[in-house]
Enquirer: 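Quick one: this structure, given as structure tokens, is what I'll be asking you about.
It should be emphasised that the depicted structure is a prediction, and the values quoted were computed from it without experimental measurement. Reckoned from all heavy atoms, side chains included, excluding hydrogens, waters and symmetry mates.
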Amino acid sequence: MLKKDIVEILALGLVVITIVGLPFAIILYDRYHVATHFPKNSQIINLTASAEPCVWTRDKIVGFNYWWKKFQFAKEIPIYDDGRPIFFRVKSADVLHSFAIPLYRIGPFDIKAGEVQAIELKTNKALRSTKYLCWQYCSECHPDLNGRLVVK
Amino acid sequence: MVDLFEKIPFLKKIVKLRAFQFAVIFPNFFLFYLFLIAALVGTPVGNRNIMIVFVWIFWWVMLIAFMVPFASRIWCTVCPLPIIGEWLQRRTLVKVREGSTIPGFKQEFFGLNKQWPKRWRNIWLQNIGFLLLACFSAHLVTRPIFSVFVLGGMIVLSTILALIYRFRAFCMYICPVSGFLGLYAMTSKLALRRKDKAVCDVHKGRECFLGSERSYPCSWFQNICTMDRNNYCGLCMECVKSCPDNNVGLFWRPFCSDVDIKGIDEAWKSFIMLCLAFVYSVNLLGPWGVLKDWANFTETGQWPGFILLALGIILLCMVIFPATYYLFIKWSKALSRSKNVTTKDLFIKYSYAFVPLGLLVWIAFSVPLIMINGSYIIAVISDPLGWGWNIFGTTHFPWKPLLPEWVPYIQIPLLLMGLFYSIKSLYKIGMKIFSEKEATVRSLIPMAILLSLITIVFLRLYVG
Ligand code: SF4
Ligand code: SF4
Ligand SMILES: [Cu+2]
């Protein structure tokens, strides 16, 4: 094979590997990040606040679905009290929100737009169901930004 | 003028490599692919998404403040947007496929290879495209998904056009970035040109234009033997590879060396760019919050306001400013008392007045962009998608403006420099037209007044 054909194949290989591989690399890196930042077999609860649409949701809010998707409001978040560590990863899709579980004495934590706040949760045997909410006035929809945690 | 190829022979060796173009485009191809993915599945928060932060802060500032003034259209050398089309057209990424698809050319091309329609061989489509995009800029620079539409749309369109029309029709006639890159590249320190006219005159092979067995033809329809401006040379370096006589040089020259505006389309480009810099500055710095609400119509719901704003912008760029300039040109022509030139010609030639000034206004506009928002760049490289990663440990780097109190002291000299280069260039142009000093100076009076007024407006906007 000629040298120029080898270069050609190498270049094509790079392009194909990039196109196919980059999405996988992103997914793998995300797994790696979670695996190295949280204890093994943690329960991880992703929660995103958004003012418009007005919602606390466990769905992923991302660039392409933000505009049209009906996100499910996490009115009730089940927590399994089975000894596994529990973590919230709280995000905001737009403005500055604030996260708190007052009766568990958790928070308030600032939830800055586009950042992820990791928060550990210790369950409380006496309180099987408690309120979580956005703690500071974030937008007109603020009064609706709350839901419950239910320990199962 | 220094020939960098002679100064740094290594540079010439590199650009002559067949793999040069691929090697410089591939990293950008990779990055833009990452940006597109990030915009789709990353956070919708603009200043935490690498698409917005890198493209609209980092890339924009690099482009306007460094690449264009110092390296001409070097962006087009490394631009990944039209490259899929070019790869398909050539059906190779690096090597040259010999053939005879197009009469006269010695390479094989895939696709229909049609000629671009004659009536669109100008930059009007770019002018219009850029102006329309500019009306949506409030979304473009804050909402990742809009960037996907625009950049993705450019990739798709350039690919389709590459399969229908020959070479880089997209870059020459459609790409909205291209028009102002070309116009402002006239001011650039860097220029690729033939070295010795005599060598070109006796050499009849025309490999630089037609390509050879080791190089492609000029995708930008340029002929380096006669090319005398930077405007439409995408610095792809094919002609450097083609020329059997080593007669192509990469010159380092004084600012604003190209001064010939050659058409009404280019003149209008200069108006559009200057007016848009004004519109953006007012929108960003001016006291009228209502304009921002109008620009952000999808959030505020102020559709009628947006339409009004868009019409206002288009009217200002296309009619009001050109008409004002026309009056000044009439005055200038009258003062010159010369019959050497028609009003129309003077109108076109003197529109170069808005090239150096326009570029520097844009640079001045971009200074706070990087100084105020530059810290987002540091945060976003650790968490490009806003997924909570911390690759380099900088995710929580706080938003911290860099020396904001210095901004005006950087902007003032930039604006004055723009004014200086504009007047200096006009003198050069005037001398070519009138070929005598008195007429030139007289004709420059109205222009100097207009340019000073413009500079004062921008000074007031930036410095208050
Ligand atoms: S003209 Fe536009 S698409 Fe073509 S290389 Fe330049 S920036 Fe990229
Ligand atoms: S003139 Fe040379 S460097 Fe410029 S676009 Fe044409 S082939 Fe490329
Ligand atoms: Cu709130």
Side-chain angles (χ1 to χ4, degrees), chain A residues 2-27 29-34 36-38 44 46 48 50-53 60-69 87 89-96 110-118, chain B residues 17-19 21-23 25-27 29-49 51-53 80 83-84 87 91-97 143-149 214 298-299 376 379-380 383-391 395-396 398-399:
Chain A
L2 291 165
K3 191 176 135 227
K4 62 177 184 183
D5 291 319
I6 297 175
V7 175
E8 188 68 29
I9 289 167
L10 274 177
L12 190 62
L14 273 176
V15 170
V16 173
I17 289 172
T18 302
I19 293 178
V20 181
L22 193 55
F24 285 104
I26 290 172
I27 294 167
Y29 186 83
D30 192 52
R31 293 228 175 121
Y32 164 81
H33 173 82
V34 172
T36 50
H37 284 74
F38 298 94
I44 292 178
N46 289 300
T48 307
S50 155
E52 174 69 57
K60 274 197 168 141
I61 302 188
V62 297
F64 93 97
N65 68 14
Y66 181 60
W67 313 101
W68 48 268
K69 197 171 167 183
F87 285 93
R89 295 184 79 202
V90 190
K91 299 187 206 184
S92 154
D94 41 31
V95 294
L96 176 66
D110 272 358
I111 309 299
K112 292 187 204 149
E115 289 186 38
V116 181
Q117 179 81 43
Chain B
L17 290 176
R18 239 349 294 154
Q21 210 188 7
F22 178 83
I25 287 179
F26 178 73
F29 177 82
F30 182 94
L31 280 178
F32 268 71
Y33 186 40
L34 175 69
F35 297 168
L36 288 174
I37 294 176
L40 288 172
V41 301
T43 174
V45 178
N47 50 34
R48 288 281 160 185
N49 192 303
M51 167 66 100
I52 296 296
V53 173
I83 202 58
I84 297 178
W87 287 340
R91 286 198 300 135
T92 76
L93 288 83
V94 177
K95 70 177 181 187
V96 178
R97 245 177 224 275
R143 295 304 187 192
I145 195 74
F146 273 86
S147 297
V148 175
F149 289 151
R214 56 178 189 283
T298 48
E299 268 149 58
Y376 287 131
V380 90
D383 188 11
L385 293 87
W387 280 9
W389 298 354
N390 200 354
I391 305 176
T395 300
H396 301 290
W399 176 75

Enquirer: Any idea which of B/Met51, B/Arg143, B/Arg18 has the most non-hydrogen atom pairs under 4.5 angstrom with chain A?
Expert: B/Arg143
Enquirer: Which atoms of A/Lys112 come close to chain B, meaning under 4.5 Å heavy atom to heavy atom: side chain ones, backbone ones, both, or neither?
Expert: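 When you check distances to chain B, no heavy atom of A/Lys112 falls under 4.5 Å.
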Enquirer: Main chain of B/Ala38, side chain of B/Asn49: is a donor-acceptor contact present, judged purely on distance under 3.5 Å?
Expert: yes
Enquirer: Is a side-chain N or O of B/Trp387 found less than 3.5 angstrom from the main chain of B/Val41, in a donor-acceptor match?
Expert: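 Here the side-chain-to-backbone pair exists.
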Enquirer: B/Ile391 versus chain A, heavy atoms under 4.5 Å apart: side chain, backbone, both or neither?
Expert: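 Contact with chain A: backbone and side chain both.
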Enquirer: Between B/Phe30 and B/Tyr33, is the ring centroid distance below 6.0 Å?
Expert: no
Enquirer: Would you mind checking which part of A/Ile26 comes under 4.5 Å of any heavy atom in chain B, side chain (CB onward), backbone (N, CA, C, O), both or neither?
Expert: both
Enquirer: Heavy-atom pairs under 4.5 Å with chain B - which of A/Leu14, A/Asn46, A/Asp94 has more of them than the others?
Expert: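 That would be A/Leu14.
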Enquirer: At a heavy-atom distance under 4.5 Å, which candidate from B/Leu93, B/Thr395, B/Val148 has the highest pair count against chain A?
Expert: B/Leu93
Enquirer: Going through the distances and angles, do A/Arg89 and A/Phe38 end up as a side-chain contact (heavy atoms from CB on, under 4.5 Å)?
Expert: CA-CA 11 Å; A/Arg89 295 184 79 202; A/Phe38 298 94; 3.8 Å; yes
Enquirer: Tell me whether the rings of B/Phe32 and B/Phe35 are parallel (<30°), tilted (30 to 60°) or perpendicular (>60°).
Expert: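 Because their plane-to-plane angle lies in the 30° to 60° range, the rings of B/Phe32 and B/Phe35 count as tilted.
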Enquirer: Counting heavy-atom pairs closer than 4.5 Å to chain B, which one of A/Ala93, A/Ala25, A/Ala118 comes out on top?
Expert: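 Sorted descending by pairs with chain B, the first entry is A/Ala93.
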Enquirer: Indicate yes or no: does B/Asp383 engage B/Arg48 in a salt bridge with an N to O separation below 4.0 Å.
Expert: no
Enquirer: Do side-chain atoms of A/Thr48 reach the backbone of A/Lys60 as a donor and acceptor pair under 3.5 angstrom?
Expert: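 No; judged by distance alone, with no hydrogens or angles, the pair does not exist.
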Enquirer: Between A/Val15 and chain B, with a heavy-atom cut-off of 4.5 Å, which part of the residue counts as in contact: side chain, backbone, both or neither?
Expert: both
Enquirer: What part of A/Asp30 is in contact with chain B, defined as an atom under 4.5 angstrom from a non-hydrogen atom: side chain, backbone, both or neither?
Expert: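 Both backbone and side chain.
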Enquirer: Under a 4.5 Å cutoff for heavy-atom pairs, which residue among A/Val34, A/Val95, A/Thr18 has the most contacts with chain B?
Expert: A/Thr18
